[in-house]
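Each chain gets a letter, A, B and so on, in the order the sequences are listed, and its residues count up from 1.
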Amino acid sequence: MSTEKNILEGAKNLFMQFGLKSITMDDIAKKVGVSKKTIYQFFNDKNSIVFKSVHKHFSEHRIEIEEVLNNSKDPIETIYRISKHMQMQVEAINPTVFYDLQRYFPKAYKRFLEFKNTFMKESLQQILDDGINAGYFRKELDTEILVIQRIEQVQMAFDNDIYPRDRFDFKKVHEQLFDHFIHGILTIKGKEKYNQYLNEEHEA
DNA sequence: TACCGA
DNA sequence: GTCGGT
């Protein structure tokens, strides 16, 4: 792998684990095993590494989501598998990343918002519309309104002022919000199908 | 690796 | 004192 890819991969891993602000250029150099001089041959500044890390992260995330979209038998399986995927992502990322992005790295934060407001929004809306047509989700739903609600509630769970992490289990907050969301949209038929996937998981 | 400026 | 940048 190229030196540039190595640096980016190492930086991304450190950022995911510890956040953006607390990781220094020296930390990255040490982790990757190169000098800071080498890093600055590929990246203009820290802002550039953060931006490219964020870009790489969401590009990979997008490919994984597309794999699920293309290989699920029905909308219930899609939303179930994506929720599992999101759960893993949520556990793998230090929540301070979002705070750091917003506060210190506006350009990278903009990239994140773009991902959230285009790809995430469009794919979730497609899933909801498909689910309604298949009779799994309630036909009364306004999917455009609910997609925004769902995306923003995920973001809300990352906000330490809203669900302080010294009082709430981060993972449990996400689980609760998803459970509440999914049960608010399922029809009877959808619930049966959803429970099938839950039961398969317990048997596995 | 040492150093400077913020 | 810390950290991005030289």
Side-chain angles (χ1 to χ4, degrees), chain A residues 1-67 82-124 148 150-178:
Chain A
M1 205 195 290
S2 75
T3 306
E4 184 177 4
K5 296 268 181 204
N6 266 330
I7 295 169
L8 203 54
E9 185 65 26
K12 189 174 95 85
N13 291 338
L14 286 173
F15 290 149
M16 293 278 284
Q17 192 176 354
F18 301 106
L20 308 178
K21 197 63 167 48
S22 72
I23 291 299
T24 68
M25 297 303 275
D26 284 309
D27 291 333
I28 297 168
K30 193 176 170 189
K31 166 78 181 272
V32 180
V34 298
S35 66
K36 275 203 286 180
K37 186 172 182 176
T38 304
I39 294 180
Y40 282 106
Q41 280 170 2
F42 296 101
F43 304 93
N44 290 330
D45 48 28
K46 187 179 178 183
N47 188 58
S48 166
I49 296 202
V50 170
F51 180 83
K52 286 177 179 167
S53 294
V54 167
H55 182 78
K56 178 181 162 72
H57 177 75
F58 287 116
S59 296
E60 290 167 352
H61 194 45
R62 178 180 179 138
I63 288 167
E64 288 156 11
I65 297 282
E66 278 169 347
E67 193 277 326
I82 288 181
S83 77
K84 286 286 153 198
H85 190 263
M86 291 291 291
Q87 214 172 303
M88 285 172 56
Q89 285 291 321
V90 157
E91 289 167 41
I93 192 165
N94 188 316
T96 62
V97 165
F98 293 98
Y99 175 83
D100 289 348
L101 269 183
Q102 196 165 182
R103 173 133 199 204
Y104 304 107
F105 301 97
K107 199 178 157 207
Y109 181 62
K110 217 176 151 187
R111 168 71 69 198
F112 158 67
L113 288 182
E114 190 185 308
F115 174 82
K116 200 175 75 167
N117 294 326
T118 58
F119 177 70
M120 289 265 288
K121 200 171 161 189
E122 284 161 18
S123 42
L124 183 53
I148 294 171
R150 174 61 191 150
I151 289 176
E152 293 308 315
Q153 83 181 10
V154 169
Q155 209 50 46
M156 194 167 69
F158 280 96
D159 192 325
N160 197 48
D161 292 330
I162 295 176
Y163 290 110
R165 282 182 279 284
D166 57 357
R167 289 179 48 224
F168 296 98
D169 178 54
F170 185 55
K171 190 179 163 187
K172 195 182 171 188
V173 170
H174 277 280
E175 283 170 359
Q176 279 290 306
L177 294 183
F178 176 72

Sequence neighbours excluded, the answer for side-chain hydrogen bond (donor to acceptor under 3.5 Å, both in side chains) partners of A/Ser59 is none

5' to 3', nucleotides 1-6 of chain C under a 4.0 Å protein heavy-atom cut-off (B base, S sugar-phosphate only, - none) gives --SSBB

Please evaluate residues A/Gln155 and A/Phe112 with respect to the criterion side chain to side chain contact (heavy atoms under 4.5 Å, CB included), reporting the C-alpha separation (whole Å), side-chain torsions for both, the decisive distance (0.1 Å), and the verdict.
CA-CA 11 Å; A/Gln155 209 50 46; A/Phe112 158 67; 3.3 Å; yes

Describe, in one word, how the ring planes of A/Phe119 and A/Phe115 are oriented to each other, choosing from parallel (under 30°), tilted (30 to 60°) and perpendicular (over 60°). tilted

Residues A/Tyr104, A/Tyr109; criterion side chain to side chain contact (heavy atoms under 4.5 Å, CB included); working and verdict:
CA-CA 9 Å; A/Tyr104 304 107; A/Tyr109 181 62; over 6 Å; no

Exercise for review: Over 60° means perpendicular and under 30° means parallel, so classify the ring planes of A/Phe158 and A/Phe170, tilted if in between.
Suggested key: perpendicular

What residues 98-108 of chain A contributes to the DNA chain C interface at heavy-atom separation below 4.0 Å is none

- Message: Assess whether a salt bridge exists between A/Lys110 and A/Glu114, defined as any Lys/Arg side-chain N lying under 4.0 Å from an Asp/Glu carboxylate O.
- Response: no

Does A/Lys12 pair with A/Glu9 as a salt bridge, N-O distance under 4.0 Å? no

